[in-house]
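To start, the structure itself, in structure tokens.
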Amino acid sequence: MAKNCTRKLIVEICNAKNLMPKDGQGTASAYAIVDFDGQRRRTKTKFRDLNPVWDEKLEFLVHDIESMAAEMLEINLYNDKKMGKRSTFLGKVKLAGSVFVKAGEETMVYYPLEKRSVFSQIKGEIGVKIFYVDEEAPPAPAEPAAEEKAETAEEKPKEEEDKKEENVEEKKEEEEKPKEEPPKEEEKPNPPPAEASKSEDTTAAATPPPPPPPPEVENPPIAHKEEAPSTKVVATKSKAETGKSSQLVINELELRSLSGDHNRIAYDLVDRMPFLYVRVVKAKRANKEPACPLHAKLVIGTHSIKTKSQIDKDWDQVFAFDKEGLNSSSLEVSVWAEEEKKEEQKEGDAAATAATVVVDNCLGAVSFDLQEVPKRVPPDSPLAPQWYSLESEKSPGNDVMVSVWIGTQADEAFQEAWQSDSGGLIPETRAKVYLSPKLWYLRLTVIQTQDLQLGSGSEPKVRSPELYVKAQLGAQLFKTSRTPVGSAWNEDLVFVAAEPFEPFLVVMVEDWSNGQLVGQAKIHVPSLERRTDDKTEPKSRWFNLVGAENKPYAGRIHVRACLEGGYHVLDEAAHVTSDVQAAAKQLAKPPIGLLDVGIRGASNLLPVKTKDGTRGTTDAYVVAKYGQKWIRTRTILDRFNPRWNEQYTWDVYDPCTVLTIGVFDNGRYKRDEAGKPGRDLRIGKIRIRLSTLDTNKVYLNSYLLTVLLPNGAKKMGEIEIAVRFSCSSWLSLIQAYGTPLLPRIHYLRPLGPAQQDILRQTAMRMVTVRLARSEPPLGQEVVQFMLDTDTHVWSMRKSKANWFRVVGCLSHAAILARWLDGIRMWAHPPTTILVHVLLIAVVMCPQLVLSTIFMYAFLILALRFRYRMRVPHNVDLRLSYVDAVGPDELDEEFDGLPTTRSPDTVRFRYDRLRALASRAQTLLGDVAAQGERLEALFNWKDPRATGIFVVVCLFASLLFYVVPFKVFVLGSGFYYIRHPRFRGDMPSAPLNFFRRLPSLSDQIMDNSGFFDNYLSTGLRIEAATVAGQLMRKLFQIIFCIQLILISILVIVLTIRGFVYAARSTNHFRPEKWYSPLLGSVASAGIVSYLWEWISFHNPSKAIKTAFWVGPLLTCAVGILHILIGCPISLAIGTIAIISSVIQSLYTCWVNPRFDYATKILTVSTSFPPDKTGTFVILSIITCLVYSSFLVTGIGGATAAGTGLDILFIVVILLTYTWTMQVIKNMLYVTISRVRYMNFACGADMNTWIAFRDTVQHLVGRVCIGSAVVPVIGTIRGSARVMKSVVGGTDEFLFSCADCYLRVASTLITYGNRWGFVHVGVYNKGFMQASADTWGAFKTAELIPLIDSDLTGAFCFFSGVAVGSICTLVGGTWALAIHKSYATEVSIYAFFIGYFICRVALAWQQACVSAYYVAYAENPQSLQFDATIPVRIQELLQRYNV
């Protein structure tokens, strides 16, 4: 706006409707008087018309442009007293200046007429247009202002006289007429300002300008206020003389809530934070040398910062240091000059060359003692900077202008200052205020088309082509239905438009028969008519359609388009809306109060990212949203207990709205290598509903911050918020509860639910995009989290929560029903007797029923007042149902559209959804059946039932003619609550009669025929998995059969062995054979359990003991067998001693890995699943019983000693090996599933449920894995050993070893022990699970780490150690009592001890495997520490990768 600018307010009085008759003859002669800023204008009188039309424009001069928004425009409607003798007042309208718009944006708005007093009889509404025009005008001298002041002072008595004349009685009507006529004569339009300026320019060109005369006022204002308008005129003109004029006119309330948040507010809701402010203005050099850049440097302890470099310019920078973070009591300000010096450089014999080097030269420094720094608190004036001499020995005489003071965050210099706690001048970390774009609904009504040029000569013509219209605004695209050529659509297409608008709305007509475009037209959106209600329809227009390049004219289309300003564009979820105002500014309502929010700080925040890869950190900031205003606090860097202490204010237009506050971690101020900013992470969100707050009361509370992650709800810390809802008028606040929530047009022309959801999502996306384009941007993830853009997405958790909400609401009815049932069953006889008395009182005195009910309600609510809510509610975790939801349901909630999950997972979720839908389907069918039964009763669908009902109705009508109604009610009540002795156990006859009525359920078609037709497709679907299913079933059956057959074989062999032993000729002695072997079995169980306990409580010692003691025990076993002396024992002893040497060498080789093995075992088993000890004990007992059982069979076979019996022993040992592997892997699958859910999702699963699922559904898969894993593991282990031994000595052997290793690596992909984790978690086949886990290891580059892991080797060495102990126990025992049995007993004892120990340690190995698999699938999860990443770095450094 120019300096010399005048503003005129134009008020166009259009018409009025449905006025109250005031002349005693059923009509009214209305005229309007408009008052604004001490000026009054009057319209003409429309005689005898209850719907008058004026169409008159009244002009007003805006004296003070800055205060226009605070002025009130009042329109009073009167009945002309010449035509009647009744009351003259017809109604009034008061409008705030904040609803005035610029010329070109005006639209006619109908305002309801208000009463002047409670007893006024007023109705109707008035339609007006209000806008203002800014015009250039020359500055006016002071003399005319003084004269005008005198003239206005003379008009003061006339104003008071006029005011009295309006309130005189009817007997003075004739005296009022001449006094009202002068304003009519004065209502002549002012001369055009352009002509006046033109004449002045001509005069100025001819002669020198004389002093301008006082301007004539042809249309003087009618003064009617007590304050003189001349004061404002003088003020306005004095501003024009000094050249001061406002560049932006804004509402005082908006100014207070938008830009005055930090300066105006007294910061009474937050703590004052002391800051050290240093303002460095400029420096002055004593020596006038050639100009060079200067910068100042500030040093406070470890804090050091410098200003920007300037040449002959002032710095004028302010630095704010958090006083609590200062570690020094002195401040040093130094000035440095960046001088260029030339240095000579010599290269060999070449000539010397000069290089320019920039050197910082200190011009001096000045120190300040922080104890003597003055303190300043607004509204004190800013501290004036002063010159200080710089102390320097090299260059004395230099000065610097500095001001230093202690202030708070309320200081006006704080917002633009360099801030120490938010990273300095980083734009992404500073506090900002954002405004959502102003949204409108754009309604396009497609009417019809004419003169369409369809197709071309080369294309075949369609007999009856169908057309549809498609309209596009930006990214929004909607289309009409299809209609034949020549038909009309008359359909509405509604878009969301944001200011500034898209330039064009493109309307396209397409031929549906061939999919080609017929033509298109562009509609200029900013020039569309703006409508605020449905009283007037916008004008329709014809637009020419432009076809292809060779078709400049393809027909025309008839449409009606307008911008709907009467709607509120919903851009939030309906249950958390914070703004309900209409889009049009003319419909804005004055605020009813103020909302003050003090964001104090947060505490105990969890780290959400790592800093420098070593420790966790959080850079937290807060975003608050209410209405169109978003605020963002500054980011406090690297603190888990940040303190913001920032206060903001919003205007409140409706108390039933919600304030949303979110806490985020700032990731955008750092950029990656490609220059892209990071993403802000969610920390938590709270909502505060204003209707739950008491007015003018401060609520200071801490709220828990909880965020929902794919692994469940996680508590991230707490935030401390202070809230105050101030309201000066209780009447306005109470009146708001009776007004509609949304603007009027939402109820007159409502949008459909589906259309409203589409428009809401569109509006959310537009707000997200616009705020993301701000500087600094408010991230898309932040806006979406604040607006709840995913509320429409299906969620099993939300469905359960809503279901239990419904159940909670119906629980009160259920309680009442149970109470009534207790009454009628006489559960408490005194209460039932009192109910009888109450029933008699109600029947005898029915007029007291309603009064008694409302009195009870009053007393109950009055008593509950003391138990009302003291603290505003936050997000309820129990109500949100986050603690009782499974990980798969959470994963489904976080899955996007379209889904990215595997087909098996989608199929499982689909089946689950179908199961839920079937229950809902049954429930809906039952509800529909009840209504259909009632309908069938009246439609004679069951003639006998309806006939019975007709007879009952006839007798009932005759009965009620005789029996009074009170008697009937009393008798029915007594009958209902009669004693149980007089009541039967069967349902009543009326209930049986109603249940027998027919419904339409039997007419619903079922889908049995559908599945017959779909059989072929079903077979094809099953064919893809039939091989896997057959394999699982086959192995499960084989396992069960071998258990049965082995049991039979063992029983037979045992019986036969005892029979053989009973013979005197047999050499077998059962007591000497069984006793050492059963003793070794018992020792195996005891030692295995003790070893499992030691390895859990002290993994480090257990690992070292297993690797170092195992070889020694193996060597002892070899020595024992050598002592036995038989050939087989000597061979076994030799093998044992060689094995002990190999074990010792392996232990020496892997000794550096012991620390990592201890860490990974400790981390993975630190929190064992529930009931783990019970499962281990039961597994050991099961193994002991099964081993003892098989030992009896082996003893029976040994007693016979035939060749067939030796085969039986081999078969028993093979089945024993497989069975023990199955038992171990059953425990492995159960524990790994539980631990995986904890590592991956943070959920604790019931171990018994996991074991039950394993037994019921996964036995076949476990049997396959138990048979495959040992074989493939042996092959791969031998291949790796061969590759290491052969090395590169022989090319042929090396190639063979390499080929063998590749085959083994391929086999390990489809059969490894880590696949058991996916078998338990995802119910996969074993080979598919093995392939998926190995693929995850490859993706995460964990194969070297998996190969170097010592968990499997630890379990193997532990099994060897325990087996060796059992061998020593059993072999020594047998050697002492019967030497010939020692070799056999020691071999069997080793097998038993090894496998029982492996079963005991299976749960620890399962925990480690679950840890690896979970990490491979999500390495960034916060559930994992740095154990694996650090180990990977060590491996990379070791192998120089």
Side-chain angles (χ1 to χ4, degrees), residues 1043 1077-1099 1101-1103 1105-1106 1161-1162 1164-1192 1216-1236 1238 1244-1256 1258-1259 1262 1266 1313 1316 1320 1351 1354-1366 1369-1370 1389-1410:
L1043 284 179
L1077 194 55
L1078 292 177
S1080 64
V1081 171
S1083 62
I1086 296 172
V1087 174
S1088 297
Y1089 180 75
L1090 290 177
W1091 186 247
E1092 180 272 334
W1093 187 88
I1094 292 171
S1095 62
F1096 171 63
H1097 289 86
N1098 200 335
K1101 293 184 178 179
I1103 290 175
T1105 303
L1161 189 61
T1162 304
S1164 57
T1165 61
S1166 56
F1167 297 98
D1170 190 24
K1171 309 295 185 187
T1172 300
T1174 304
F1175 274 96
V1176 172
I1177 293 174
L1178 291 178
S1179 300
I1180 293 176
I1181 293 174
T1182 303
C1183 294
L1184 291 176
V1185 173
Y1186 185 69
S1187 301
S1188 302
F1189 176 69
L1190 293 187
V1191 162
T1192 59
Y1216 176 76
T1217 302
W1218 189 25
T1219 304
M1220 296 298 286
Q1221 287 285 344
V1222 170
I1223 295 174
K1224 182 195 76 170
N1225 292 329
M1226 292 282 284
L1227 183 61
Y1228 191 102
V1229 169
T1230 301
I1231 300 300
S1232 64
R1233 179 185 179 186
V1234 177
R1235 292 301 290 157
Y1236 176 88
N1238 184 263
D1244 294 330
M1245 187 177 181
N1246 192 306
T1247 312
W1248 286 107
I1249 295 177
F1251 180 73
R1252 182 195 63 191
D1253 294 342
T1254 304
V1255 173
Q1256 291 179 353
L1258 305 177
V1259 175
V1262 173
S1266 301
R1313 71 172 185 268
F1316 285 117
T1351 306
F1354 164 69
C1355 295
F1356 173 79
F1357 273 71
S1358 298
V1360 170
V1362 175
S1364 299
I1365 292 174
C1366 295
V1369 172
F1390 181 82
F1391 268 91
I1392 293 171
Y1394 174 81
F1395 284 113
I1396 292 180
C1397 181
R1398 292 301 301 270
V1399 170
L1401 296 179
W1403 78 271
Q1404 298 183 12
Q1405 193 174 11
C1407 292
V1408 175
S1409 299

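Numbering starts at 1 and runs along the sequence shown. We use all heavy atoms of the structure for the numbers below, so side chains are in, but hydrogens, waters and symmetry mates are not.
Heavy atoms only, all atoms of each residue included: M1220 and F1395 are closest at CE-CB, 3.8 Å. Contact between R1398 and C1355 at its shortest, heavy atoms only, is CD-O, 3.3 Å. Heavy atoms only, all atoms of each residue included: S1164 and V1408 are closest at OG-CG2, 3.2 Å.
When the side chain to side chain contact (heavy atoms under 4.5 Å, CB included) test is applied to Y1236, the partners found at least two apart in sequence or on another chain are A1240, V1317, V1321, Y1322, A1410, V1413, A1414, E1417. With sequence neighbours left out, W1091 forms a ring-ring contact (aromatic ring centres under 6.0 Å, His included) with no residue at all. Residues that satisfy the side chain to side chain contact (heavy atoms under 4.5 Å, CB included) test with T1219, not counting sequence neighbours, are F1039, Q1042, L1043, Y1186, I1223. For D1253, the side chain to side chain donor-acceptor pair (under 3.5 Å) partners are R1233, not counting sequence neighbours. With sequence neighbours left out, F1251 forms a ring-ring contact (aromatic ring centres under 6.0 Å, His included) with F1175. For the ring-ring contact (aromatic ring centres under 6.0 Å, His included) test, residues two or more places apart in sequence or in another chain that qualify with F1316 are Y1228, F1326. With sequence neighbours excluded, the residues forming a side chain to side chain contact (heavy atoms under 4.5 Å, CB included) with T1254 are M1226, V1229, T1230, L1258, listed by chain and number. The side chain to side chain donor-acceptor pair (under 3.5 Å) check on R1235 picks up nothing, with sequence neighbours excluded. With sequence neighbours excluded, the residues satisfying side chain to side chain contact (heavy atoms under 4.5 Å, CB included) with I1086 are L1090. Residues satisfying the side chain to side chain donor-acceptor pair (under 3.5 Å) criterion with Q1404, sequence neighbours excluded, are S1095. With sequence neighbours excluded, the residues satisfying side chain to side chain donor-acceptor pair (under 3.5 Å) with S1187 are Y1216.
At distances below 3.5 Å, not a single donor-acceptor pair connects side-chain atoms of S1088 with backbone N or O atoms of G1085.
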Can you list the steps and then say if C1397 with V1087 is a side-chain contact (heavy atoms from CB on, under 4.5 Å)?
CA-CA 8 Å; C1397 181; V1087 174; over 6 Å; no
Run W1403 and T1165 through side-chain contact (heavy atoms from CB on, under 4.5 Å) and show every step you take.
CA-CA 9 Å; W1403 78 271; T1165 61; 4.2 Å; yes
List the steps, then state whether side-chain contact (heavy atoms from CB on, under 4.5 Å) holds for T1247 with I1231.
CA-CA 7 Å; T1247 312; I1231 300 300; 4.2 Å; yes
How far apart are the C-alpha atoms of S1080 and L1077, what are their side-chain angles, what is the distance that settles it, and do they pass the side-chain contact (heavy atoms from CB on, under 4.5 Å) test?
CA-CA 5 Å; S1080 64; L1077 194 55; 3.7 Å; yes
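Of the inter-residue distances, the one linking Y1394 atom OH with T1217 atom OG1 reads 10.0 Å to the nearest 0.5 angstrom. Going from atom SG of C1407 over to atom CZ of F1167 covers 12.5 Å, rounded to the nearest 0.5 Å. Put simply, NZ on K1224 and CD on Q1405 are 5.5 Å apart, with the number rounded to the nearest 0.5 Å. To the nearest 0.5 angstrom, E1092 atom CD is 14.0 Å from I1396 atom CD1.
Residues V1222 and W1218 meet the side-chain proximity criterion, which asks for heavy atoms closer than 4.5 Å.
The salt bridge (Lys or Arg N to Asp or Glu O under 4.0 Å) pairs that include a residue from residues 1170-1181 number zero, where partners must be two or more places apart or lie in different chains.
Remark: Y1089 OH is loosely packed, at most 12 non-hydrogen atoms of other residues, nucleotides or ligands lying under 6.0 Å away.
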